[in-house]
Amino acid sequence: MLQFLQQLLSHTFLNPASPQTRAVSNLFWVGGAVATVILAIPTGVLLYTITHYRHKPDQQGEPHQTYGFKRLEIAWTVIPTIIVLVIFALSIHTQGLAEPNTDPGPTGRSDLTVIGHQWWWELRYPSGVVSANEIHIPVRTRWLVSLKSADVVHGFWVPQVGNQMYLIPGQTNHIWLEADKPGVYEGQCAEFCGAQHAWMLLRVIAQPQAVFDSWQRDQSRRAPVPTGRARSAPPPATGTGNTIARFQQPATGSTASLIASGAQLFQQLPCQSCHAIAGTKANAGIGPDLTHLAGRTTLAAGRLDNTPANLKEWLRDPQEYKEGSHMPNLLLTPNQLDALTAYLESLK
Ligand code: CUA
């Protein structure tokens, strides 16, 4: 039971991992403690009175009545007033800690821009890195994040490391994002935004500065040009299990040519009209940037773990996993699925 509760609360603000969320969490516990005491005292007095002063069989007439008790009336007016004022002051103080000024100033510069889409998160770093759904940040660094929307209103919320904020079309909002310790912090779109709102998950991955820097360097690289020769004929059909096992082998002979075939297919099929892969002709921004797709931990904004088998399933029929998603079922043949999966898996 305790373990279940712990798990339930582990990704909420009750397990804070930033100064801002810690302030909110502290206020919750102080407020909760005060409210518990306030509940306990009258309830206790009431229960005591009910049992202790109940009508006794040998009792005649009404018990002694008390009219007017000034000191008591002053006490029960003054004490609650003080409690309310203290909680009010604590709330103002918490607000100051939890929501420091987010005005980016005249430059309008922020450390990250997050753009909400139906149903995924576009991430743009000032370094030029573009990614999706998994926000990497250096640990113990306060980042000013700009929030925008490409379509409808979304809600940004990673409860352990930052406040909740709307992403509104035509407007830029800001929040602070900061994590005290390295870790993966789970978030979720917090505003109903259509059929797949529930599958609009995001992650904040907080890393030591050096690890973040190296991640950012890797992400700045363009996609490698496939070294193999694309097969003129489609690659032979193979069993699913076989294919996956083969993808885990180093890129030799047939895998290299499978990757090259996938790269070619990607440019021939409608894939490139929605997605971008840096270093290729594909540079559309309707769907997530795929330049480093294989380096991410999830697919389709958290709908699937990013494994070769899941990627292939997703390509086979996105609508089966995320109905209403803007990624259509392209009715790919098994050979096309193998080649595209191999290519996308090479985009680390
Ligand atoms: Cu985006 Cu709900």
Side-chain angles (χ1 to χ4, degrees), residues 8-15 17-18 20-21 24 98-99 102 110-125 129-137 143-179 184-206 274-276 284-290 292-293 296-306 310-311 314 317-329:
L8 194 73
L9 300 178
S10 64
H11 292 294
T12 70
F13 75 102
L14 294 176
N15 183 18
S18 83
Q20 290 101 54
T21 48
V24 175
E99 294 176 3
T102 51
S110 56
D111 302 297
L112 172 69
T113 300
V114 176
I115 305 166
H117 292 256
Q118 283 175 318
W119 291 278
W120 59 283
W121 306 88
E122 179 180 350
L123 312 172
R124 295 188 164 270
Y125 294 75
V129 166
V130 183
S131 188
N133 305 326
E134 292 171 13
I135 303 175
H136 287 246
I137 60 170
W143 267 22
L144 185 63
V145 180
S146 299
L147 302 171
K148 301 177 182 190
S149 171
D151 35 49
V152 299
V153 177
H154 300 274
F156 182 94
W157 201 24
V158 187
Q160 286 180 274
V161 291
N163 296 327
Q164 188 176 342
M165 182 60 75
Y166 286 126
L167 297 87
I168 299 171
Q171 187 184 321
T172 304
N173 286 342
H174 293 95
I175 54 156
W176 291 108
L177 205 55
E178 178 175 0
V184 178
Y185 304 101
E186 310 274 353
Q188 155 86 56
C189 179
E191 182 68 19
F192 180 72
C193 55
Q196 293 297 337
H197 156 73
W199 285 116
M200 192 166 163
L201 309 186
L202 78 158
R203 281 179 175 182
V204 169
I205 301 167
C274 286
H275 295 280
I286 294 170
D289 187 295
L290 303 178
H292 297 279
L293 173 71
R296 301 205 275 266
T297 57
T298 62
L299 295 170
R303 177 65 184 86
L304 295 163
D305 286 334
N306 191 1
N310 284 344
L311 177 59
W314 171 250
D317 186 6
Q319 297 300 317
E320 186 179 321
Y321 294 92
K322 217 164 162 175
E323 198 181 349
S325 142
H326 296 308
M327 174 129 160
N329 182 349

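Atoms within each ligand, like the ligands themselves, are counted from 1 in listed order.
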Can you name the closest pair of heavy atoms from Leu293 and Leu299 and give their distance? CD1-CD2, 4.0 Å

Determine whether more than 12 heavy atoms belonging to other residues, nucleotides or ligands lie under 6.0 Å from atom OH of Tyr125. yes

Between Arg203 and Thr297, do the side chains contain an N or O donor and an N or O acceptor separated by less than 3.5 Å? yes

Beyond-backbone contact of Gln20 with Glu99, side-chain heavy atoms, under 4.5 angstrom: no

Under the side-chain hydrogen bond (donor to acceptor under 3.5 Å, both in side chains) test, which residues partner Glu320, sequence neighbours left out? Arg316

If you compare all heavy atoms of Trp314 against all heavy atoms of Ser325, which two are closest, and at what distance to 0.1 Å? CH2-OG, 4.2 Å

Everything protein-side that's N, O or S and under 2.8 Å from atom 1 (Cu) of ligand 1: list it, residue and atom. His154 ND1, Cys189 SG, Cys193 SG, Met200 SD

